[in-house]
Amino acid sequence: MEMRDTDRALVQAATAVAKLRCRSQRHTVASAARTLDGRVFTGVNVQHASGGVCAELVVIGTAATQGVTALETIVTVADRGREIVVPCARCRQVLADHFPDLLVIVGPMDAPRVVPLGEVPAETGSGSAG
């Protein structure tokens with residue numbers, strides 16, 4: 001699927017949050033999701049001694065507090081916004097359970113693409129490191 005301007009803006013939103021908030025081991029990954037009506041919600045992962053919560057799950061919770069019941073597209077970035085990462089297996093399952101029609105931005109930062117959630121490639125390395 002071809003990247004639209006709104007998809008590029010979503011990558012920029014996640015990248016901006018990563019650059020601003022992912023400055024310690026507690027927060028290393030940022031996500032941004034867009035609703036069907038164009039609202040954007042962002043979040044960062046939360047690491048702690050007993051594990052962590054992925055950025056995608058933080059975004060879902062943030063959107064839910066505003067009454068959002070449907071997300072259209074999501075992207076996750078790592079390395080302070082220098083790379084796009086795929087949601088981990090746990091997040092892919094949660095996203096599929098809640099938003100089966102969700103689109104995900106994947107691929108290299110210089111050539112991202114939009115794919116249906118079911119076509120997201122398996123993570124390589126640490127995934128979204130939630």
Side chains of E72 and T35: do they bring a donor and an acceptor to under 3.5 Å? no
In terms of hydrophobic clustering (I, L, V, M, F, W, Y; side-chain heavy atoms under 4.5 Å; direct or indirect links), are V44 and L71 co-clustered? no
Side-chain heavy atoms of P87 within contact of C54, under 4.5 Å: no
Under the criterion side-chain contact (heavy atoms from CB on, under 4.5 Å), I'd like the reasoning laid out for V53 against V58: C-alpha separation, chi angles, the key distance, then a yes or no. CA-CA 7 Å; V53 177; V58 173; 4.0 Å; yes
Under a 4.5 Å cut-off applied to non-hydrogen side-chain atoms, are N45 and T28 in contact? yes
Measure across V40 and A32 and return the closest heavy-atom pair with its distance rounded to 0.1 Å. CG1-CB, 4.4 Å
ILVMFWY network linking L57 to I74, side-chain heavy atoms under 4.5 angstrom: yes
For residues 93-107, which residue pairs qualify under side-chain hydrogen bond (donor to acceptor under 3.5 Å, both in side chains), counting only residues two or more places apart or in two chains? Q93-D97
Can you list the residues that meet the side chain to side chain contact (heavy atoms under 4.5 Å, CB included) rule with R80, with sequence neighbours excluded? K19, R23, R82
Side-chain donor-acceptor pairs under 3.5 Å in residues 3-18, sequence neighbours left out?
{"unit_1": "R4", "atom_1": "NE", "unit_2": "D7", "atom_2": "OD2", "d": "3.4"}
{"unit_1": "R4", "atom_1": "NH2", "unit_2": "D7", "atom_2": "OD1", "d": "3.4"}
{"unit_1": "D7", "atom_1": "OD1", "unit_2": "R34", "atom_2": "NH2", "d": "2.8"}
{"unit_1": "D7", "atom_1": "OD2", "unit_2": "R4", "atom_2": "N", "d": "3.0"}
{"unit_1": "R8", "atom_1": "NH1", "unit_2": "M3", "atom_2": "O", "d": "3.2"}
{"unit_1": "R8", "atom_1": "NH1", "unit_2": "R4", "atom_2": "O", "d": "3.1"}
{"unit_1": "R8", "atom_1": "NH2", "unit_2": "M3", "atom_2": "O", "d": "3.4"}
{"unit_1": "T15", "atom_1": "OG1", "unit_2": "V11", "atom_2": "O", "d": "2.8"}

For E56 and V94: C-alpha separation, side-chain torsions, deciding distance, then whether side-chain contact (heavy atoms from CB on, under 4.5 Å) applies. CA-CA 9 Å; E56 296 91 341; V94 172; over 6 Å; no
Can a donor-acceptor pair be found, under 3.5 Å and without considering hydrogens, that links the side chain of T65 to the backbone of T62? yes
Using a side-chain heavy atom cutoff under 4.5 Å and only I, L, V, M, F, W and Y, what cluster partners does L36 have? none
Test of understanding: clusters of I, L, V, M, F, W, Y form through side-chain heavy atoms closer than 4.5 Å, transitively. Do V120 and L95 belong to the same one? yes
Exercise answer: donor-acceptor pairs, residues 103-117 side-chain atoms, under 3.5 Å, sequence neighbours excluded:
none

Partner set under side chain to side chain contact (heavy atoms under 4.5 Å, CB included) for S24, not counting sequence neighbours: R26, H27
Would you check if I60 and F41 make a side-chain contact, meaning some heavy-atom pair closer than 4.5 Å? no
Minimum side-chain heavy-atom gap S31-T42 below 4.5 Å: no
How long is the span from the CE atom in M1 to the OG1 atom in T73, to the nearest 0.5 Å? 8.5 Å
